[in-house]
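Let me begin by presenting the structure, written as C-alpha cells, before commenting on it.
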Protein chains: 2
Amino acid sequence: MAEKQGALQIGEVAQRTGVTQRTLRFYEEKGLLRPPSRMDGGFRLYSEEDVKRVEHIRRLQDLLGISLAEIKEMVDADEVLRDLRSQYRPESAITEKRNQLEKATAVTEAQFAIVKQKTEQMREMETQLEERLRLFTRWKQELDELEKKAAPTRG
Amino acid sequence: MAEKQGALQIGEVAQRTGVTQRTLRFYEEKGLLRPPSRMDGGFRLYSEEDVKRVEHIRRLQDLLGISLAEIKEMVDADEVLRDLRSQYRPESAITEKRNQLEKATAVTEAQFAIVKQKTEQMREMETQLEERLRLFTRWKQELDELEKKAAPTRG
DNA sequence: AGTAACCTTGACGTTGGCGTAAGGTCGAAC
DNA sequence: GTTCGACCTTACGCCAACGTCAAGGTTACT
C-alpha cells in the first residue's frame with residue numbers, strides 16, 4: 001500500500017508551484033499551509049489541494065501585494081468555507097454553522113471591497129498610461145513633420 | 001524675500017502625504033525624489049510637484065505592490081517625460097529627443113502591459129469573490145428552510 | 001538673548017520574507 | 001550494505017523599507 005494515493009513530495013510541489021522548498025516549510029511554519037501528512041521517515045506528503053493553496057497564496061501576494069499575515073486571514077476564511085462544504089450533512093449545530101457562515105461572509109465581503117477598490121484604481125492607471133502613449137505617438141508625428149520642414153526632399 | 005514661493009518644509013509634506021519625514025529622506029536617498037532645494041540653514045524645501053510625486057510613488061507601492069527599485073525606474077521615465085515637455089522648444093538635437101521619446105514609449109508600454117495584466121487578474125478575482133458571496137447567500141437560505149422544517153411555526 | 005518648534009546628519013534597530021549552509025536521516029537502487 | 005539524491009531540522013544571514021534614538025543646528029517669535 002502506498003503512503004497515499006497521488007501524494008507529492010516537497011520537491012515536486014516546489015517545482016510545480018515555482019516556489020522553493022524553504023518557502024513551503026516557511027508557509028507551513030506561519031500557518032499558511034496546514035501541516036501536511038508525512039511518510040514514515042518524516043518526508044512531507046502534499047495533496048493537490050495543497051498545490052492549489054500555494055498558487056492561491058502567490059496570486060494574493062502578487063496581485064494584492066499584502067503581507068503574509070493578511071493573506072493568512074483570507075486563507076483561514078477559505079478553510080472555514082471548506083469545513084462548511086464538507087460537513088454539510090450533519091444537521092446538528094445549525095446555529096454554529098450559521099455563525100461560521102456569517103463570519104465567512106463578512107471576511108469575503110471585506111476582501112471583495114478591497115479587491116473592487118483596487119481594480120478600480122488599476123483601471124484608472126491603465127487609462128492614464130494609455131493616454132500617455134497616445135500623447136507620445138502624437139509627439140512623434142510632430143517630430144516627423146518638423147524634420148520634413150527642416151530637410152525637405154533630400155536625397 | 002521668501003526662499004521660494006509656496007515651498008513646503010519636510011514636516012508639511014509628511015503630513016499632507018501621510019508618510020514620515022524619514023521616508024521622504026529615504027526616498028531622496030534612494031533616488032526616488034530629486035534632492036529638493038534648501039533654505040540657507042539647510043532645511044529642505046519641497047514643491048507641490050514633489051508632493052504629487054510622493055503620492056504617485058505611494059500609489060504604485062500600494063496598487064502594484066512592487067519594490068522601490070522598480071518604482072524608481074518608472075518614476076525615472078516620468079522624469080524623462082517632464083524633460084521632453086519642458087524643453088520642447090529648442091529644435092536642436094531632434095534625434096536625441098526622438099531617442100528619449102522612443103525610450104519613454106518603451107518603458108510606458110512595459111508598464112502598461114503589467115498594469116493591464118494585473119487589472120485583468122484583479123477582475124477575475126473580483127468575480128470569483130462575487131460568486132462566493134452568492135453561494136453564501138444561497139446557503140443561508142437553505143439553512144433558513146432547514147430550520148423552518150425542523151421547527152415549524154413555533155412561538 | 002532665550003526658547004519652543006522644527007530641522008539636520010548619523011547610526012543603529014526592526015520586521016517580513018525568505019536564502020543558505022551544516023549536519024544528519026530516508027529511500028531506492030545496485 | 002553502501003551509495004546517492006531527496007529530504008529533515010536548526011540556526012544564522014540578508015535585503016528592503018523604513019523606525020528610532022542621539023546630538024546638535026535653524027527659525028521664528030518675543
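By convention in this document, chain letters (A, B, ...) are assigned in the order of the sequence lines, proteins followed by strands, and residues within each chain are numbered from 1.
Note on B/Asp76 versus B/Lys72: salt bridge recorded, some NZ/NE/NH1/NH2 to OD/OE distance being below 4.0 Å. Contact check on A/Lys52 versus A/Glu55 returns no salt bridge, with no Lys/Arg side-chain nitrogen under 4.0 Å from an Asp/Glu carboxylate oxygen.
When the P atom of D/dA17 is taken as reference, atom CG of B/Leu32 falls 9 Å away, rounded to whole Å. Rounding to whole angstrom units, CD of residue A/Glu28 and P of C/dG17 are separated by 17 Å. Whole-Å rounding puts the A/Met39 CE to D/dA6 C1' distance at 10 Å. Between the P atom of D/dA6 and the CD atom of A/Gln9 lies a distance of 10 Å, rounded to the nearest Å. In this structure, B/Arg38 places its CZ atom 13 Å from C1' of D/dG25, rounding to the nearest Å. Straight-line distance from the CG atom of B/Asp40 to the P atom of C/dT8: 14 Å, rounded to whole Å. Straight-line distance from the CG atom of A/Leu45 to the P atom of C/dG27: 10 Å, rounded to whole Å.
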Report, one line per pair, each donor and acceptor closer than 3.5 Å where one atom sits in a side chain of residues 124-131 of chain B; sequence neighbours left out.
| unit_1 | atom_1 | unit_2 | atom_2 | d |
| --- | --- | --- | --- | --- |
| B/Glu126 | OE1 | A/Thr119 | OG1 | 3.2 |
| B/Thr127 | OG1 | B/Glu124 | O | 2.7 |

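Residues from residues 15-26 of chain A lying near DNA chain C, meaning a heavy-atom separation below 4.0 Å, are A/Thr20, A/Arg22, A/Thr23, A/Phe26 in numerical order. Of the residues in residues 56-73 of chain A, A/Arg58, A/Gln61, A/Ser67, A/Leu68 come within less than 4.0 Å of DNA chain C through at least one heavy atom, sorted by number.
Residues B/Tyr46 and B/Pro36 come closest through the heavy atom pair CE2-CG, 3.6 Å.
Residues satisfying the side-chain hydrogen bond (donor to acceptor under 3.5 Å, both in side chains) criterion with B/Glu79, sequence neighbours excluded, are B/Arg53. In this structure A/Arg34 satisfies the salt bridge (charged side-chain N to carboxylate O under 4.0 Å, His left out) test together with A/Asp50, sequence neighbours excluded.
Sorted by first then second residue, the salt bridge (charged side-chain N to carboxylate O under 4.0 Å, His left out) pairs that include residues 7-20 of chain B, not counting sequence neighbours, are B/Arg16-B/Glu48.
A side-chain donor-acceptor contact under 3.5 Å links A/Gln61 and A/Arg58.
Two residues, A/Lys30 and A/Gly42, neighbour DNA chain C, and the one matched to the more 5' nucleotide by heavy-atom proximity is A/Lys30. Nearer to the 5' terminus of DNA chain C, by closest-nucleotide assignment, is the contact made by B/Phe43 (compared with the other of B/Phe43 and A/Tyr27).
A/Glu70 places a side-chain N or O within donor-acceptor distance of the main-chain N or O of A/Ser67, the cut-off being under 3.5 Å.
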